[in-house]
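Structure, as structure tokens:
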Amino acid sequence: DTGTYVIGTWDGRMHVCSFSNSEHFLDTYNTLSSPVNQVEWSLFSPDVFLSCSANWTIQLWKLDSLTPKMRFTSVHSPVDSVKWSPNCSTVFAAVYRHRVEVWDLSSSTLLPTVVHHAAPGVTLTSVLFAKGSDCVLVGDSEGEVTVYKLKGFRNGKEKQVNSLDDIMHTVPGFFIGNHKVTWGVIWLQHHVVKARR
């Protein structure tokens, strides 16, 4: 439903809202008791979204379920930003204070596929996939944008919704369980772009 949206709160809840009913929440998701920093809708599945929070987790949700389908934690640091890839339904990027991660759930649900650390003293602030390319842009506290070129990720447009649904159905509850981890060869190139002040 295009009139439905989800908002995250500082107390760790997310509320499902509707443009047609602005007086009441349609539902409430109770995450852990820490601020929800961002909610990001899937570009391929209109009822699937990610949330990231100060409790070190990224959670994958379906609109019809009040418990997360999957939960990802790789480091003990708040997750400040998360974005879905516009090219592949199973790929998303996340920014922690001092690192950026790219996850491809078709390769692993346990570990990020790519991890890159910030320079000493630099705090990463935002992440964005460039449309129509295989680049990830990461903003930082120095006013710089670093462009990462990803190689080796699959980009087929067909069966994108099915790919994400298949992965979510292999996971019982919200626990990851024992899944076979397969790795592809992923190359990462990056360039720094200075912002004008």
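Quick note: numbers below take in every heavy atom, side chains included, and nothing from hydrogens, waters or symmetry partners.
There is no side-chain donor-acceptor pair under 3.5 Å between Gln59 and Ser51.
Annotation: side chain of Ile58 is in contact with side chain of Phe92 (closest heavy-atom distance under 4.5 Å). Counting only heavy atoms from C-beta outward, the side chains of Val91 and Val102 approach each other to under 4.5 Å. Here the side chains of Leu63 and Val6 are in contact, with some heavy-atom distance below 4.5 Å.
Rounded to the nearest 0.5 angstrom, Glu144 CD and Leu124 CG are separated by 11.0 Å. The line from CH2 of Trp84 to CG of Leu50 is 4.0 Å long, rounded to the nearest 0.5 Å. The distance from the CD atom of Gln38 to the SG atom of Cys52 is 5.0 Å, given to the nearest 0.5 Å.
Looking at every heavy atom in both residues, Tyr96 comes nearest to Asp80 through C-OD2, 3.8 Å. The nearest pair of heavy atoms linking Cys17 to Phe25 is SG-CD2, 3.7 Å. What you find for Lys83 and Leu128 is that their closest heavy atoms are CG-CA, 4.3 Å.
Ring planes of His116 and Tyr148: perpendicular class, angle over 60° (limits at 30 and 60°). Between His76 and Trp56, the two ring planes are perpendicular [angle over 60°; tilted spans 30° to 60°].
By the criterion of side-chain heavy atoms lying less than 4.5 angstrom apart, applied directly or through intervening Ile, Leu, Val, Met, Phe, Trp or Tyr residues, Trp41 is grouped together with Trp61 in one hydrophobic cluster.
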